[in-house]
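Shown next, in structure tokens, is the structure this report addresses.
Here is the naming used below: chain letters follow the sequence lines, and residue numbers restart at 1 for every chain.
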Amino acid sequence: MKKGSTLFLKVVILLIAAGALVWLAVFPQLEGRAANLDLIGIYRDPLIIYTYIGSITFFAGLYQAFKLLVYIENNKTFSMPSVNAIRNIKYCAISFGTFILLGIAYIRLTAVEDDPAGVIALGIITTFASIVVAATAAVFQKLLQNAVDMKSENDLTV
Amino acid sequence: MKQGSTLFLKVVLVFIALSATAVCSYIFYDAMGRPAEVRNTPFLLVLLAVVPFIFALLQAFKLLNYIDRNVAFSNLSVIALKDIKYAAIAMSVIFYAELPVIFQIADEDDAPGLILFWTAFASTPIVVAVFAAVLQKLLQHGMDLKSENDLTV
């Protein structure tokens, strides 16, 4: 049964990654500050490029989560690789949140025409969500570390 | 340091519980102020989903307490995760039961995207339930490890 659960979660991760990719590629054309430029002009906008770089942390976090699920499937949950995977998820979440925060600060300081309140609220909520993810990953990292120590104590006891 | 992380998560849980209550009260209050036919639609039944939601938040709070007191790998936390799993499934069932009503509303307002949005929204608790199930199996493993540890002379 665990195999089914981890497979389901893997599919969910892939769906989220696909959806995020589609959203990133399509959204700049729909609306926002660069909507009225030509095709190349939209994607050359520095804020859009900044978002794309920030999304790398997001996808890196998803990749680490995927790897963690693979470890769980192979019964290597209580091992150093999975502790490292969770630690990486934590760092990805923190850097993703920082990216968003800096972007929001930039928008707040330089917005002139439109009222940026909606974007700022969305950015604050996203930053908050990634901080929660980082805290949860930290708690699980401690738990896994405990279990790994227990396991090595077990294995080394003659 | 773990104490700080769990304390932060507990505060977040309380915050989420308060926001959920606020949102539900707003929906309820708003619906009460409208004419009779809007008031009596079965749509308001989704507010029932708040009950398993708050219950799941309570169980998560208890789980964080167990982690704090270093009894994470024990039957208590396995039971807490099982409760979270069932509460999430109950929420999903309630949301899916609302789907026919959403069909009607989407028909009247000619908003087909609403159905897709509601299906995605109703599937989110299932993801949480599966996540809780995986965690439950993990903690079970950890429990077996721990008892093996403790019983080794």
- Query: With sequence neighbours left out, what residues match A:Lys10 under side-chain hydrogen bond (donor to acceptor under 3.5 Å, both in side chains)?
  - Reply: A:Glu73
- Note on the structure: Minimal heavy-atom distance between A:Val132 and B:Leu9, with the atoms involved, is O-CD2, 4.0 Å
- chain A contacts: which residues in residues 51-59 of chain B have a non-hydrogen atom closer than 4.5 Å to it? none
- Pairs in or reaching into residues 67-98 of chain B: which pass ring-ring contact (aromatic ring centres under 6.0 Å, His included), with residues at least two apart or in two chains? B:Phe95-B:Trp118, B:Phe95-B:Phe121
- Task: Determine the interplanar angle of the A:Phe78 and B:His141 rings, folded into 0 to 90°, and report it as parallel if under 30°, tilted if 30 to 60°, perpendicular if over 60°.
- Result: tilted
- Write down the atom of B:Val134, the atom of A:Ser5, and the distance for their closest heavy-atom approach. CG2-CB, 3.6 Å
- Task: Could you tell me which portion of A:Ile131 (side chain, backbone, both or neither) has an atom closer than 4.5 angstrom to a non-hydrogen atom of chain B?
- Result: both
- Heaviest contributor of heavy-atom pairs below 4.5 Å to chain A, chosen from B:Leu139, B:Leu64, B:Leu135, is B:Leu135
- Message: Could you report the tightest heavy-atom contact between A:Ala135 and B:Ser5, atom names first, then the distance?
- Response: O-CB, 4.3 Å
- Any pair with a residue in residues 119-140 of chain A that passes side chain to side chain donor-acceptor pair (under 3.5 Å), sequence neighbours left out, goes on the list, sorted by first then second residue, please. none
- Query: If you group Ile, Leu, Val, Met, Phe, Trp and Tyr by side-chain heavy-atom gaps below 4.5 Å, do A:Ile16 and A:Phe66 land in one group?
  - Reply: yes
- Query: Below 4.5 Å, heavy atoms only, C-beta onward: do B:Leu138 and A:Leu144 meet side chain to side chain?
  - Reply: no
